[in-house]
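To start, the structure under review is shown below, and the notes come after it.
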Amino acid sequence: MIAILELINNPQKMRRYLFWYLIIMPLALFAWILLGAANSGLDFKAAINIPFYAVAFLNGCLAILFAGLLKFAASENEHTERMIAFYTLVMLVFAGNLPGALLAFFLWWALREAPEEPFAPNYRWVFIASMIFLGLVTLLVLFANIRLWSA
């Protein structure tokens, strides 16, 4: 139990685990789409026209974008990274990626003692624009999930 708590409190390890989860999970989704398409006799482009595969493809692309955003935030400062981790947590919950949201929560928790610094002093507008874009894509994924599962 103590080893798990030490792992959760280590920002470097949680940063690494979340980043690699957000890279490997989409690759697994894309492989799943490719295998499903091959099984149905379709190519990848035709497969993502099927609503279930399209939502999985959007989730995979969203996860890759969040991985890039988190990597970029880590180069800024810890306060920015903590805020981006919380934003990622909320957006991954809306997108339905609960394991990723749990890892984002643990990263946010590990960075709780981050010093109070300004949010993104060098690339503030890049972060704000990317957060707005990722929020819109997450809403698209949320509405697609609701429509897919309510039909």
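Phe19 places a side-chain heavy atom less than 4.5 Å from the side chain of Ile23. Residues Ile128 and Trp125 form a side-chain contact, since some pair of their non-hydrogen atoms from C-beta on lies under 4.5 Å apart. No side-chain heavy atom of Trp109 sits under 4.5 Å from any side-chain heavy atom of Leu89.
Between atom CZ of residue Phe105 and atom CD1 of residue Ile8 there is a gap of 8.5 Å, rounded to the nearest 0.5 Å. Note that the CD1 atom of Ile33 and the CD1 atom of Ile48 stand 7.5 Å from one another [nearest 0.5 Å]. Note that CZ of Phe143 is 12.0 Å distant from OG of Ser150, once rounded to the nearest 0.5 Å. Here the straight-line distance linking atom CG of Asn77 with atom CD of Glu116 works out to 10.0 Å at 0.5 Å rounding. To the nearest 0.5 Å, atoms CG (Leu62) and CG (Leu140) are separated by 9.5 Å. Put simply, CG on Leu18 and CZ on Phe66 are 10.5 Å apart, with the number rounded to the nearest 0.5 Å.
Open room surrounds OH on Tyr123; 12 or fewer heavy atoms of other groups in view lie less than 6.0 Å from it. Around CH2 of Trp20, the count of heavy atoms belonging to other residues, nucleotides or ligands within 6.0 Å does not exceed 12. For Phe44, the CZ atom is densely surrounded, since the number of other residues' heavy atoms within 6.0 Å is greater than 12. Heavy-atom neighbours of Glu113 CD from other residues, nucleotides or ligands within 6.0 Å: at or below the threshold of 12.
Remark: side-chain polar atoms of Arg124 are paired, donor with acceptor, to backbone N or O of Phe119 under 3.5 angstrom. With hydrogens and angles ignored, the 3.5 Å screen pairs no side-chain donor or acceptor of Arg147 with any backbone N or O of Ala144. A donor-acceptor pair under 3.5 Å links the side-chain atoms of Ser130 to the main chain of Phe127, judged by distance alone. Side-chain atoms of Glu76 come within 3.5 Å of backbone N or O of Asn122 as a donor-acceptor pair.
Linking Ile, Leu, Val, Met, Phe, Trp and Tyr residues whenever their side-chain heavy atoms come within less than 4.5 Å places Val126 and Leu69 in a single cluster. A continuous path of Ile, Leu, Val, Met, Phe, Trp and Tyr side chains, each step under 4.5 Å between heavy atoms, connects Leu70 with Phe133, placing both in one hydrophobic cluster.
Aromatic rings of Trp149 and Phe52 (six-membered ring for Trp) have centroids within the 6.0 Å cut-off, being under it.
The shortest heavy-atom contact between Ala110 and Asn9 is CB-C, 4.0 Å. Considering all non-hydrogen atoms of both residues, Arg82 and Arg112 come closest at NH1-CA, 2.9 Å. The shortest heavy-atom contact between Phe106 and Met14 is CB-CE, 3.2 Å.
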Go through the steps for Leu134 and Met91 under the test side chain to side chain contact (heavy atoms under 4.5 Å, CB included), then give the verdict. CA-CA 8 Å; Leu134 289 174; Met91 291 297 120; 5.7 Å; no

Please determine whether side chain to side chain contact (heavy atoms under 4.5 Å, CB included) holds for the pair Arg15 and Leu111, giving the CA-CA distance in whole Å, both sets of side-chain angles, and the decisive distance to 0.1 Å. CA-CA 10 Å; Arg15 186 179 300 125; Leu111 292 168; 4.0 Å; yes

Show your reasoning for whether side chain to side chain contact (heavy atoms under 4.5 Å, CB included) applies to Tyr53 and Leu42. CA-CA 12 Å; Tyr53 288 142; Leu42 301 170; 6.0 Å; no

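Of the N and O atoms on the side chains of Asn97 and Tyr21, at least one donor lies less than 3.5 Å from an acceptor on the other residue.
Between Tyr17 and the choices Leu7, Leu22, Leu107, the side-chain contact (heavy atoms from CB on, under 4.5 Å) rule is met once, by Leu7.
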